[in-house]
4 protein chains.
Amino acid sequence: MQEKILLKWATQKQLTVPTLLLQHYAEMGLKENELIALLQVQTYIEAGNQFPTPDLISERMTLTASECAELLGRLVRRGFLALERKSDEQGIVYECYSLEPLWIKLIELLKGETLRAREEDRHEQEG
Amino acid sequence: MQEKILLKWATQKQLTVPTLLLQHYAEMGLKENELIALLQVQTYIEAGNQFPTPDLISERMTLTASECAELLGRLVRRGFLALERKSDEQGIVYECYSLEPLWIKLIELLKGETLRAREEDRHEQEG
Amino acid sequence: MQEKILLKWATQKQLTVPTLLLQHYAEMGLKENELIALLQVQTYIEAGNQFPTPDLISERMTLTASECAELLGRLVRRGFLALERKSDEQGIVYECYSLEPLWIKLIELLKGETLRAREEDRHEQEG
Amino acid sequence: MQEKILLKWATQKQLTVPTLLLQHYAEMGLKENELIALLQVQTYIEAGNQFPTPDLISERMTLTASECAELLGRLVRRGFLALERKSDEQGIVYECYSLEPLWIKLIELLKGETLRAREEDRHEQEG
């Protein structure tokens with residue numbers, strides 16, 4: 001039996017989370033359950049499901065499906081998560097999530113920080 | 001300035017999170033802020049700080065330092081996080097966190113699941 | 001322009017490589033270009049292409065397409081890479097690579113090591 | 001025994017490799033064994049050993065220690081790997097490797113590509 005678990009462990013996907021996100025999500029206005037929901041969405045996307053339902057997300061969290069639906073809607077409205085329409089080879093339109101807005105927000109925050117650090121340096125030098 | 005941010009991004013560490021943990025933490029009895037706290041501890045350990053203070057954890061979360069102290073203590077008492085004593089080359093004793101108990105709990109849960117799945121198979125075959 | 005590169009960097013996938021593989025591939029009988037070829041196959045699989053051609057692999061390596069074809073064939077014959085047949089929803093059969101054999105070989109090697117370490121312990125105790 | 005291997009697997013570090021590096025190392029002038037050597041250096045750095053010897057690198061590769069010494073020296077001379085001097089709290093100077101030059105070279109290559117793509121667009125529009 002352990003053979004099976006070992007192989008399950010070895011062949012599972014690893015989600016890679018930038019430490020800059022772990023360091024700055026709170027400053028960006030995200031709560032812990034919102035961050036986890038975003039990571040769950042990313043896990044589903046990487047597994048090939050680009051538009052996981054609130055039900056699917058809820059199965060892996062301490063929130064109910066309706067709480068997940070509300071939370072995901074709020075993340076879209078606040079610009080942390082995008083809902084995009086794509087069309088496949090047969091022209092059939094489907095919806096998918098994208099985390100690009102999350103990374104753009106994080107990059108913007110880092111720019112602001114770098115700018116402030118630079119200005120503080122200048123002020124110190126100018127005395 | 002963007003040059004600096006690009007390099008900061010490229011040289012940051014990535015935290016790798018097993019998707020099995022993201023799938024099962026709620027079933028294991030962990031809340032979202034407890035999971036994030038564990039991931040923060042791991043990030044600090046991998047950056048060389050094996051015993052981050054509640055203050056350090058709190059800086060990166062929406063919780064206060066005293067809430068973090070309480071949360072970390074609870075994770076240790078419930079057996080998700082271990083507090084170990086090691087001694088360095090000069091014989092000086094220091095404390096460090098270990099996430100080994102978390103992985104053992106996850107492995108135990110997977111074993112239970114595999115066992116249940118096998119028994120259900122047998123029952124079905126036996127009719 | 002750097003904005004574009006920053007976003008490209010932030011949204012790229014990261015390939016996670018178990019350090020146990022990096023430590024033991026040579027002992028397992030793999031050469032460096034074979035290891036890289038396996039990692040390239042995994043990268044394509046994770047990006048949704050489960051059966052990358054030797055041409056595609058070759059574009060990212062210092063080997064020609066025919067050298068890649070030969071190398072991949074050798075990895076399959078030596079049991080590091082599996083070639084599987086699956087069928088999609090419409091019943092159309094397609095081929096795909098799986099790295100499961102690689103992980104099984106690595107696990108077998110770790111078992112052998114653990115066994116040897118245990119026997120040496122026993123011999124030492126028995127003196 | 002499998003219990004031990006499962007835990008070993010679960011607690012091992014994962015090395016994260018940007019897919020952009022896997023896509024472009026050959027174009028950057030790196031051979032497969034040079035790329036693996038750089039990844040081995042990174043693995044050691046992340047495990048706390050910032051200046052692994054050619055012997056240590058060699059143990060995990062198909063190359064001899066002297067081939068590794070030569071290869072690492074060449075990577076430093078060609079600007080893929082930096083050898084830095086730092087001093088610890090007691091003022092003792094020590095040497096360590098840094099992969100920053102590798103990331104800078106990769107970023108430069110991506111810039112060149114983006115620039116070329118943009119110019120081609122302009123030429124097409126000007127027709």
Side-chain angles (χ1 to χ4, degrees), chain A residues 1-44 46-47 56-63 71 103 106-119, chain B residues 1-44 46-47 56-63 71 103 106-119:
Chain A
M1 186 188 66
Q2 299 210 11
E3 194 71 26
K4 237 180 169 171
I5 295 170
L6 243 168
L7 196 58
K8 192 174 188 173
W9 197 285
T11 55
Q12 72 172 318
K13 284 201 183 140
Q14 300 280 337
L15 183 71
T16 54
V17 184
T19 52
L20 285 168
L21 179 62
L22 284 170
Q23 286 163 11
H24 294 292
Y25 74 89
E27 202 178 337
M28 288 164 78
L30 286 169
K31 297 217 181 75
E32 278 73 19
N33 56 12
E34 292 171 328
L35 175 59
I36 294 283
L38 289 167
L39 298 182
Q40 299 285 12
V41 169
Q42 199 184 343
T43 308
Y44 274 108
E46 292 188 2
L56 280 176
I57 304 286
S58 161
E59 279 173 15
R60 300 181 175 183
M61 292 187 66
T62 68
L63 307 177
L71 187 153
W103 307 123
L106 178 52
I107 289 167
E108 289 305 314
L109 181 134
L110 296 174
K111 277 187 202 165
E113 265 195 356
T114 313
L115 206 66
R116 271 197 306 280
R118 190 181 280 185
E119 279 176 7
Chain B
M1 185 187 66
Q2 300 211 12
E3 193 70 27
K4 236 180 171 170
I5 295 171
L6 244 169
L7 196 59
K8 191 175 187 170
W9 196 286
T11 55
Q12 73 172 317
K13 283 201 183 141
Q14 300 280 338
L15 183 69
T16 55
V17 185
T19 52
L20 286 168
L21 179 62
L22 284 170
Q23 286 164 12
H24 294 291
Y25 74 88
E27 204 179 334
M28 290 164 74
L30 286 169
K31 297 217 182 75
E32 279 72 20
N33 55 15
E34 292 170 327
L35 176 59
I36 294 283
L38 288 169
L39 298 182
Q40 299 285 13
V41 169
Q42 199 184 344
T43 308
Y44 274 109
E46 291 187 3
L56 280 175
I57 304 286
S58 161
E59 278 173 17
R60 300 181 173 184
M61 293 187 66
T62 68
L63 307 177
L71 188 153
W103 307 122
L106 179 51
I107 289 167
E108 289 305 314
L109 182 134
L110 297 174
K111 277 187 204 166
E113 267 195 354
T114 313
L115 206 65
R116 271 197 305 281
R118 190 181 281 186
E119 280 176 5

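Only heavy atoms go into these numbers, but all of them, side chains included; no hydrogens, no water, no symmetry mates. Every chain is numbered from 1 and lettered A, B, ... according to where its sequence line falls, protein lines coming before strand lines. Everything quoted here is computed from the prediction, not taken from an experiment.
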Participant: Select, from B/Leu39, B/Leu106, B/Ile36, the one with the greatest count of heavy-atom pairs under 4.5 Å involving chain A.
Facilitator: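 Looking at each option in turn, the highest pair count goes to B/Ile36.
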Participant: Could you walk me through whether B/Arg60 and B/Tyr44 satisfy the side-chain contact (heavy atoms from CB on, under 4.5 Å) test, starting with their C-alpha distance in whole Å, then the side-chain angles of each, then the deciding distance to 0.1 Å, before giving a yes or no?
Facilitator: CA-CA 11 Å; B/Arg60 300 181 173 184; B/Tyr44 274 109; 3.2 Å; yes
Participant: Flag the pair A/Lys111 and A/Glu108 as a salt bridge only when some basic side-chain nitrogen lies within less than 4.0 angstrom of an acidic carboxylate oxygen.
Facilitator: yes
Participant: For A/Glu34, enumerate each residue passing the side chain to side chain contact (heavy atoms under 4.5 Å, CB included) test, keeping only those at least two apart in sequence or located in another chain.
Facilitator: A/Leu30, A/Lys31, A/Leu71, A/Arg74, A/Leu75, A/Arg78
Participant: Find the one option among A/Leu21, A/Leu20, A/Asn33 whose heavy-atom pairs under 4.5 Å with chain B are most numerous.
Facilitator: A/Leu20
Participant: Under the side chain to side chain contact (heavy atoms under 4.5 Å, CB included) test, which residues partner A/Glu59, sequence neighbours left out?
Facilitator: A/Leu56
Participant: Going by heavy atoms in the side chains, are B/Lys13 and B/Thr43 under 4.5 Å from each other?
Facilitator: no
Participant: Heavy-atom distance under 4.5 Å to chain B: side chain of A/Gln40, backbone, both or neither?
Facilitator: side chain
Participant: Quick one: what part of A/Thr16 sits under 4.5 Å from any heavy atom of chain B, side chain, backbone, both or neither?
Facilitator: both
Participant: Give, as side chain, backbone, both or neither, the part of A/Glu113 having an atom under 4.5 angstrom from any heavy atom of chain B.
Facilitator: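 For A/Glu113, the contact with chain B is made by the side chain alone.
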